[in-house]
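Data first, discussion second: the structure below is written as structure tokens.
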Amino acid sequence: MGEAPVAERLLTAGVTAWTGPNTPETTREFLQSEVRKYQEVVQRTGVRLER
């Protein structure tokens with residue numbers, strides 16, 4: 001991420017780098033918030049995974 005070409009390509013793709021602390025706790029909080037966010041989307045849309 002520290003290399004300018006990589007950071008620029010990710011930014012162009014809409015990806016922003018995490019600049020906060022990187023601890024097990026912050027990672028857990030992030031993952032839990034993502035699960036909650038997408039659970040709501042799944043519940044509202046009724047989308048289902050196919051096997």
Side-chain angles (χ1 to χ4, degrees):
M1 288 294 304
E3 297 181 27
V6 173
E8 185 177 326
R9 286 182 66 191
L10 290 173
L11 188 58
T12 301
V15 177
T16 54
W18 173 255
T19 59
N22 191 11
T23 66
E25 292 79 19
T26 58
T27 301
R28 183 180 314 107
E29 290 170 8
F30 170 74
L31 292 174
Q32 288 173 339
S33 72
E34 290 294 290
V35 167
R36 282 191 301 273
K37 177 172 59 176
Y38 289 106
Q39 274 179 331
E40 183 179 327
V41 171
V42 168
Q43 289 170 353
R44 280 191 285 152
T45 64
V47 68
R48 299 183 57 87
L49 294 177
E50 293 184 20
R51 291 185 181 204

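The analysis underlying the following values was restricted to heavy atoms, covering all of them including side chains, and did not include hydrogens, waters or symmetry mates. These numbers come from a predicted model, not from an experiment.
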Applying a strict under-4.5 Å side-chain criterion to I, L, V, M, F, W and Y, I'd like to know whether V35 and F30 cluster together.
no

Is the shortest side-chain N to carboxylate O distance from R44 to E40 below 4.0 Å?
yes

Closest approach of T27 and N22, non-hydrogen atoms and distance?
OG1-OD1, 3.6 Å

Measuring from L10:CG to E8:CD, what's the distance to the nearest 0.5 Å?
10.5 Å

